[in-house]
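Please read the structure below before turning to the comments.
Lettering follows sequence order; numbering is per chain, from 1. Since we're looking at a predicted model, the values are computed, not measured.
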2 protein chains.
Amino acid sequence: MKKGHQVTMKEIAKKLGVSVSTISRALKDSPELHPDTKKRIVEMAKEMNYQPNLLAQSLRISRTNTLGVIVPEITSHFFASCISGIQDHANKRGYNVMICQSNETLELEKANIRTLVASQVDGLLISLSRETNQFDHLLDIYNREIPFLLFDRVNEDIPVSRVTFNDEGGAYQVTKHLLETGCKRVMYVSGPEDLYISKKRKEGYLHALNEFGITPDPALVKISDLTIEGNIKIGKEIAEMKSRPDGVFCMIDPVAIDILTFWKSIGIKVPDDMALAGFTNNPTSAVVEPPLTTVAQPGYEMGKLSVTHLLDQLDGIASDDPISIVLETTLVPRQSTKALK
Amino acid sequence: MKKGHQVTMKEIAKKLGVSVSTISRALKDSPELHPDTKKRIVEMAKEMNYQPNLLAQSLRISRTNTLGVIVPEITSHFFASCISGIQDHANKRGYNVMICQSNETLELEKANIRTLVASQVDGLLISLSRETNQFDHLLDIYNREIPFLLFDRVNEDIPVSRVTFNDEGGAYQVTKHLLETGCKRVMYVSGPEDLYISKKRKEGYLHALNEFGITPDPALVKISDLTIEGNIKIGKEIAEMKSRPDGVFCMIDPVAIDILTFWKSIGIKVPDDMALAGFTNNPTSAVVEPPLTTVAQPGYEMGKLSVTHLLDQLDGIASDDPISIVLETTLVPRQSTKALK
DNA sequence: CTGTTAGCGCTTTCAA
DNA sequence: TTGAAAGCGCTAACAG
């Protein structure tokens with residue numbers, strides 16, 4: 001398919017018998033033009049349906065007014081919300097956004113960075129893939145002074161700004177809630193151990209246990225690979241334990257939901273047999289039966305704060321020194337845990 | 001923040017004392033270069049961490065290898081899946097993707113088109129907003145010969161390719177299913193009437209009724225504005241009808257789920273009091289209680305087919321003549337409708 | 001085998 | 001008040 005030709009300033013200039021620079025000036029409403037010329041040009045531009053070529057502009061000023069975003073996957077409601085927040089607020093400040101997903105692989109994450117950088121984005125907002133356990137690609141763009149920050153899935157060794165939730169605090173809240181509603185043996189189902197959130201949420205879990213004077217029991221920490229099969233496997237293992245926990249806190253909602261579904265199929269009652277809680281507050285968590293106690297993470301807000309901070313840095317409103325923005329989470333108690341007495 | 005300077009060919013050239021075009025040739029592995037020079041250049045480029053400037057390349061060849069995508073909202077699981085399919089397969093063919101959301105408004109849809117066109121995307125994949133009831137902006141890009149197609153939320157008056165589901169067929173399947181499982185009075189809860197899918201799904205609904213020799217009852221068609229409040233209002237109206245339907249088919253899952261939740265709160269049992277079905281097969285529909293009978297629409301597949309067709313047209317593999325691609329849907333019977341005898 | 005030149009569309013000095 | 005010229009980074013036709 002031949003792409004339709006776009007009108008250029010040159011063509012308007014020829015049609016009107018003036019120079020290209022005059023067109024340029026007229027179109028950006030320069031004051032040093034004769035009103036008549038300006039009027040003629042503006043009208044002609046409209047008539048010919050002229051649209052500026054952002055590519056050319058960007059090349060000239062070496063700025064694209066475009067930001068790159070890399071998320072593990074777009075179909076996750078949480079990341080979709082982040083993207084939404086990023087996009088709305090980037091647009092508000094005159095920026096466009098290019099979105100890529102790493103599909104949770106290091107390889108694609110690297111490739112995405114390469115393309116976005118080649119596309120001359122003015123900055124990057126990155127949420128790391130599950131696989132990302134080495135950071136050369138990030139240090140590389142850091143050394144090349146390409147402005148970027150990390151959000152949600154971050155790493156603490158890269159000297160750039162980070163936007164995270166208070167994962168430790170959220171996990172503390174929900175574990176405490178389980179303990180307050182009568183659980184004595186609370187289990188933590190984690191994701192892969194080198195994930196930032198796996199660690200942070202475990203800290204919160206341990207913190208709450210400690211506060212209640214409970215010695216952590218290694219048998220009460222399990223690690224899922226976060227696939228459906230992996231989650232169900234954990235559900236099964238728990239069901240078959242000689243001495244089961246009476247409350248289970250899962251690192252993310254999908255784990256809890258998979259376990260819940262499996263338990264229902266084998267007749268385990270939640271919360272009577274075991275209480276269950278998740279983290280993230282996915283839309284799904286509200287409609288399962290029983291509705292799942294979880295911790296709300298405002299994704300849109302995270303996106304908004306992230307992009308705002310990065311643009312503030314780009315625009316010189318904020319200092320270039322890395323900062324850490326921590327968003328608070330909110331406990332959402334539902335029927336999958338018992339009520340407070 | 002000052003953006004780090006990107007190495008250019010010019011700088012490599014100066015460092016090596018050769019001309020820029022030699023650099024260019026070496027970097028694209030031109031055969032007409034002395035192997036030594038080539039080697040020196042490639043090594044130096046690597047050492048200096050050279051990355052080609054896609055902007056400059058694009059400007060030169062008047063092609064960006066970038067596609068624009070406009071969806072009503074990214075946080076919908078269905079559209080997120082479409083995007084995922086689009087992105088994966090665009091990348092596979094060397095294209096990047098810029099995604100925008102219209103937030104279901106005509107105004108943003110227009111603005112998005114403007115930006116994407118100004119950014120010189122090579123083509124557009126558009127799913128119309130709910131508000132879109134005039135089409136000047138589409139005719140405009142059509143007249144300007146910018147390649148694009150419509151998917152899912154389409155309009156039949158624009159002479160471009162369309163990718164849709166067999167909405168009529170899916171609605172027929174699910175209505176038939178309700179009738180086969182014993183319902184006598186099946187209601188259709190539609191969205192706004194000028195929505196393409198509202199119409200198409202109604203046709204399928206009427207088709208099934210007709211096949212079962214049932215005269216459509218205007219009291220058995222309701223229209224929701226698709227907000228939570230609107231959906232609940234419909235749920236309430238149904239509950240208060242003197243002669244209720246015994247089966248309700250909702251145009252999209254969220255409507256069914258909102259109604260289900262409301263009904264549960266007032267003690268109406270599904271499917272015993274009334275059977276209920278949706279459309280789309282949102283992840284949520286599988287985990288509500290009872291699980292919702294629905295019609296599966298493979299979003300990823302739709303994205304994949306859409307982008308493949310558009311790229312085929314761009315690459316001259318497919319004809320420029322508009323075609324209509326229709327994807328089949330699958331009935332997913334679950335417990336919110338009674339079982340077949 | 002390599003350099004020179006021109007040009008993609010636009011903006012911005014510098015001159016007139 | 002307007003035009004000419006240079007340049008953003010890259011490629012390709014043309015010349016050597």
Side-chain angles (χ1 to χ4, degrees), chain A residues 2-42 44-45 48-66 115 117-122 144, chain B residues 2-42 44-45 48-66 115 117-122 144:
Chain A
K2 49 154 211 314
K3 207 182 132 193
H5 173 72
Q6 301 286 94
V7 177
T8 67
M9 288 189 173
K10 202 178 183 179
E11 299 173 67
I12 307 184
K14 191 158 62 184
K15 205 139 199 166
L16 254 35
V18 296
S19 80
V20 189
S21 23
T22 305
I23 307 290
S24 175
R25 282 188 270 251
L27 261 25
K28 54 175 33 191
D29 208 27
S30 154
E32 46 177 22
L33 262 209
H34 190 95
D36 287 355
T37 340
K38 192 186 290 185
K39 193 154 149 270
R40 274 199 315 148
I41 294 176
V42 171
M44 178 57 87
M48 295 176 73
N49 211 344
Y50 170 79
Q51 301 278 142
N53 184 327
L54 288 190
L55 235 52
Q57 272 176 202
S58 298
L59 179 60
R60 185 144 208 297
I61 62 178
S62 339
R63 271 192 43 228
T64 50
N65 274 9
T66 299
T115 343
V117 168
S119 300
Q120 311 294 117
V121 292
D122 294 338
R144 290 163 65 190
Chain B
K2 50 155 207 313
K3 207 182 131 193
H5 172 72
Q6 301 287 95
V7 177
T8 68
M9 289 189 172
K10 202 176 181 180
E11 300 173 64
I12 308 185
K14 191 158 61 180
K15 204 141 199 165
L16 254 37
V18 295
S19 81
V20 187
S21 25
T22 305
I23 308 289
S24 175
R25 280 188 273 253
L27 261 25
K28 56 176 34 193
D29 208 26
S30 156
E32 46 177 21
L33 263 208
H34 190 94
D36 287 355
T37 341
K38 193 186 288 184
K39 190 152 151 275
R40 274 200 313 147
I41 293 175
V42 170
M44 179 56 89
M48 295 176 73
N49 211 342
Y50 170 79
Q51 300 280 142
N53 184 328
L54 288 190
L55 234 52
Q57 273 175 203
S58 298
L59 179 61
R60 183 142 211 299
I61 62 178
S62 338
R63 273 192 41 229
T64 50
N65 275 9
T66 300
T115 343
V117 168
S119 301
Q120 310 295 115
V121 292
D122 294 338
R144 291 163 67 188

Looking at residues 21-31 of chain A, who's got a heavy atom less than 4.0 Å off DNA chain C?
A:Ser21, A:Ser24, A:Arg25, A:Lys28
Axial bend angle, the helix from C:dC1-D:dG16 to C:dA16-D:dT1: five-pair end segments, nearest 10°:
60°
Interatomic spacing from CG in B:Leu33 to NZ in B:Lys39 - rounded to 0.5 Å:
14.0 Å
Under the side chain to side chain donor-acceptor pair (under 3.5 Å) test, which residues partner A:Gln51, sequence neighbours left out?
none
Where do B:Asp122 and B:Arg63 come nearest, in terms of heavy atoms and distance?
OD1-CA, 3.7 Å
Residues two or more places apart in sequence or in another chain: which of them pass side chain to side chain contact (heavy atoms under 4.5 Å, CB included) with A:Leu59?
B:Asn53, B:Ala56, B:Leu59
Taking salt bridge (Lys or Arg N to Asp or Glu O under 4.0 Å) as the test, write out the residues that go with B:Asp36, two or more places apart.
none
State, to 0.1 Å, how close B:Leu54 and A:Ser119 come at their nearest heavy-atom pair, and which atoms those are.
CD1-OG, 3.6 Å
Quick check on DNA chain C: between B:Leu33 and B:Ala56, whose nearest nucleotide comes earlier from the 5' end?
B:Leu33
Verify side-chain contact (heavy atoms from CB on, under 4.5 Å) between B:Asn65 and B:Gln57, making sure each step is shown before the conclusion.
CA-CA 10 Å; B:Asn65 275 9; B:Gln57 273 175 203; over 6 Å; no
Shortest non-hydrogen pair, A:Tyr50 vs A:Val7, comes out as CD1-O, 3.4 Å
Taking only residues two or more places apart in sequence or in another chain, which ones pass side chain to side chain contact (heavy atoms under 4.5 Å, CB included) with A:Thr8?
A:Lys10, A:Glu11
Hey, which of these two, A:Glu32 or A:Leu54, hits DNA chain C nearer its 5' end, going by closest nucleotide?
A:Leu54
Going 5' to 3' on DNA chain C, which nucleotide is the first and which the last to come under 4.0 Å of a heavy atom in chain B?
C:dC1 to C:dG9
Contact class for A:Ser58 (heavy atom, under 4.0 Å): base, sugar-phosphate, or nothing?
nothing
Can you give the first and last nucleotides of DNA chain D, 5' to 3', that have an atom under 4.0 Å from a heavy atom of chain A?
D:dT1 to D:dG9
Identify the two heavy atoms, one from B:Thr64 and one from B:Gln120, that lie closest to each other, and give their separation to 0.1 Å.
OG1-O, 2.8 Å
Excluding sequence neighbours, so at least two apart, what forms side chain to side chain contact (heavy atoms under 4.5 Å, CB included) with A:Lys15?
A:Met44, A:Met48
Can you give me every donor-acceptor pair (side chain of residues 18-26 of chain A, partner residue at least two apart or in another chain, under 3.5 Å) with its distance?
unit_1, atom_1, unit_2, atom_2, d
A:Ser19, OG, A:Ser21, N, 3.4
A:Ser19, OG, A:Ser21, OG, 3.1
A:Ser19, OG, A:Thr22, N, 3.3
A:Ser19, OG, A:Thr22, OG1, 3.1

Are the side chain of B:Lys38 and the backbone N or O of B:Ser30 linked by a donor-acceptor pair below 3.5 Å?
yes
At 4.0 Å (heavy atoms only), tell me whether B:Gln57 reaches a base, stays on the sugar-phosphate, or touches nothing.
sugar-phosphate
